[in-house]
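Note: hydrogens, waters and symmetry copies are ignored here, and every other heavy atom, side chains too, is used. As the structure is a prediction and not an experimental result, all values here were calculated from the model.
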Amino acid sequence: MPELPEVETVRRVLHKHLPGHQIRAVQIERPKMLRGQSKTTFIRSLINQKIVKVERRAKYLIIRLQTGSLLIHLGMSGQVFTSGGKKPAVAAGSVLPDKHTHLRMRLDKDFLLYGRDPRMFGRYQYLSPEAEKDFFFGMGPEPLGKHFTPEYLFGILKLRRSSLKALLLNQKVIAGLGNIYTDEALFQARLSPFLAGENLTRAQTLRLHTAIRTILKKAICARGTSISDYLDPRHKKGTFQQQLRVYGQEGNACPACRTLIRKTVLAQRGTHWCPRCQVS
DNA sequence: CGTATTGTTTTGCC
DNA sequence: GGGCAAAACAATAC
């Protein structure tokens, strides 16, 4: 379930290894992953291009090329694996590429890059320099960036009647939060996920702003959350699952007050909260 | 075999 | 025309 911290972890690993490499061959096994873009256009756009750097916007990986970029969204179960020199892309005991490996790229110096996605909720896409401007238009600020201020958050929540849960998941409000970090941030801020944005006080907004940034920074430090299948490009698990306080903790005691953590559906998502700590 | 899982896009209502 | 909610969509594990 890659959200901002997982995608950022993947970005950092890729950025360490990929820049300077040239793309020699591209295979795409499941054209559906291209979301309508033609396979030939995709391959023709990538081939012989040199990778300049690897960036991230929201939950999107941007592998920047000399001309345009390769955009990767990991969806729910997406993984990117690389290997270079003597290091295999294949973890000991695993079989790669397998039937879920939809993207295979050979770079120079026998460097490999695989895209794997069992549920195929993710996407691979080539973006021309012009297309990229439109693609991210209207997306909310990066929560760890300078545009995400308490004033911005207060201003945008004030206008909205939706629940905090729905608003934090809305990428036009804030970019990069998913289900796990939304629930964790609301718990840390001691705010009910049911609370409407417009009812938030300045003090509560400040708490939420701090909580979002703190949780994301901690999760990046922990290299993300590996609950079911998330792995970084070198097959390394994250460790933030050890620090989850509400997500997946239904029926367990709240770490702050020992009340049992509850779970319900809100904004069409599984939502975890402490009914005592998160009352308003 | 129905249910749960999630992020993005689409649809239709107000 | 924008906010909002719900559905659609992608596919698998259990």
Side-chain angles (χ1 to χ4, degrees), chain A residues 1-8 10 28-37 39 56-62 71-80 94-95 98-103 115-125 127 131-132 134-140 142-143 153 155-186 193-200 216 219 224-231 238 240-241 244 246-251 262-272:
Chain A
M1 289 162 256
E3 304 177 28
L4 188 152
E6 290 75 30
V7 180
E8 177 62 20
V10 172
I28 188 92
E29 310 290 336
R30 303 291 286 266
K32 266 194 175 171
M33 292 292 293
L34 304 180
R35 294 291 183 273
Q37 189 167 53
K39 189 170 151 179
R56 177 191 59 75
R57 176 77 170 101
K59 301 167 195 169
Y60 289 91
L61 273 173
I62 305 167
L71 195 77
I72 299 180
H73 195 291
L74 299 173
M76 190 172 167
S77 60
Q79 300 166 325
V80 174
S94 80
V95 186
D98 64 1
K99 66 170 179 173
H100 301 302
T101 307
H102 314 306
L103 173 67
R116 186 176 183 271
D117 192 344
R119 294 187 207 175
M120 289 175 59
F121 287 16
R123 71 193 319 190
Y124 312 121
Q125 193 173 351
L127 281 189
E132 195 172 322
D134 298 335
F135 192 85
F136 294 110
F137 181 81
M139 185 168 274
E142 284 291 320
L153 189 59
I156 196 160
L157 294 183
K158 192 170 58 179
L159 304 171
R160 305 295 199 108
R161 267 183 239 180
S162 305
S163 64
L164 290 180
K165 173 78 176 192
L167 291 169
L168 294 186
L169 287 173
N170 185 340
Q171 304 296 298
K172 290 175 182 162
V173 173
I174 176 173
L177 288 183
N179 213 26
I180 296 175
Y181 299 109
T182 293
D183 284 1
E184 292 297 315
L186 286 170
F194 299 91
L195 196 59
E198 61 181 359
N199 293 336
L200 237 66
L216 291 177
T225 301
S226 291
I227 290 177
S228 50
D229 44 17
Y230 167 73
L231 296 173
F240 197 73
Q241 60 278 11
L244 294 177
V246 285
Y247 185 90
Q249 305 302 308
E250 61 268 28
R262 290 184 55 189
K263 179 182 181 183
T264 188
V265 174
L266 173 60
Q268 299 172 289
R269 290 293 175 263
T271 299
H272 313 72

Residues, nucleotides or ligands: over 12 heavy atoms within 6.0 Å of A:Arg262 CZ: no
Nearest-Å distance for atom pair CD/P, residues A:Glu198 and C:dG3: 13 Å
Name of the residue among A:Leu168, A:Leu167, A:Asn170 meeting side chain to side chain contact (heavy atoms under 4.5 Å, CB included) with A:Ser162: A:Leu167
Close residues, residues 159-168 of chain A, relative to DNA chain B [heavy-atom separation under 4.0 Å]: none
For nucleotides 12-14 of chain C, print each protein N/O atom paired with a nucleotide N/O atom at under 3.5 Å, atom names and distance only.
none

Gap between atoms CD1 and C1', on A:Ile72 and C:dA10 respectively (whole Å): 17 Å
A:Lys32 side chain near C:dC9 phosphate (N/O to OP1/OP2, under 4.0 Å): no
Nucleotides 6-14 of chain B: protein proximity per nucleotide (B base, S sugar-phosphate only, - neither; heavy atom, under 4.0 Å): BBBS-----
Residue pair A:Leu4, A:Tyr181: steps toward the side chain to side chain contact (heavy atoms under 4.5 Å, CB included) verdict: CA-CA 9 Å; A:Leu4 188 152; A:Tyr181 299 109; over 6 Å; no
Salt bridge (charged side-chain N to carboxylate O under 4.0 Å, His left out) partners for A:Lys59, two or more places apart: none
Taking every non-hydrogen atom, the tightest pair across A:Leu164 and A:Gly197: CD2-CA, 4.0 Å
Residue pair A:Ala58 / A:Gln171: nearest heavy atoms and the distance that separates them: CB-OE1, 4.1 Å
Donor-acceptor pair between A:Thr182 and A:Asn179 side chains, under 3.5 angstrom: no
Residues that A:Arg161 engages under salt bridge (charged side-chain N to carboxylate O under 4.0 Å, His left out), provided they are two or more places apart: none
Distance-only side-chain donor-acceptor flag, A:Tyr230 / A:Glu3, under 3.5 Å: no
Sequence-distant partners of A:Arg56, salt bridge (charged side-chain N to carboxylate O under 4.0 Å, His left out), two or more places apart: A:Glu8, A:Glu142
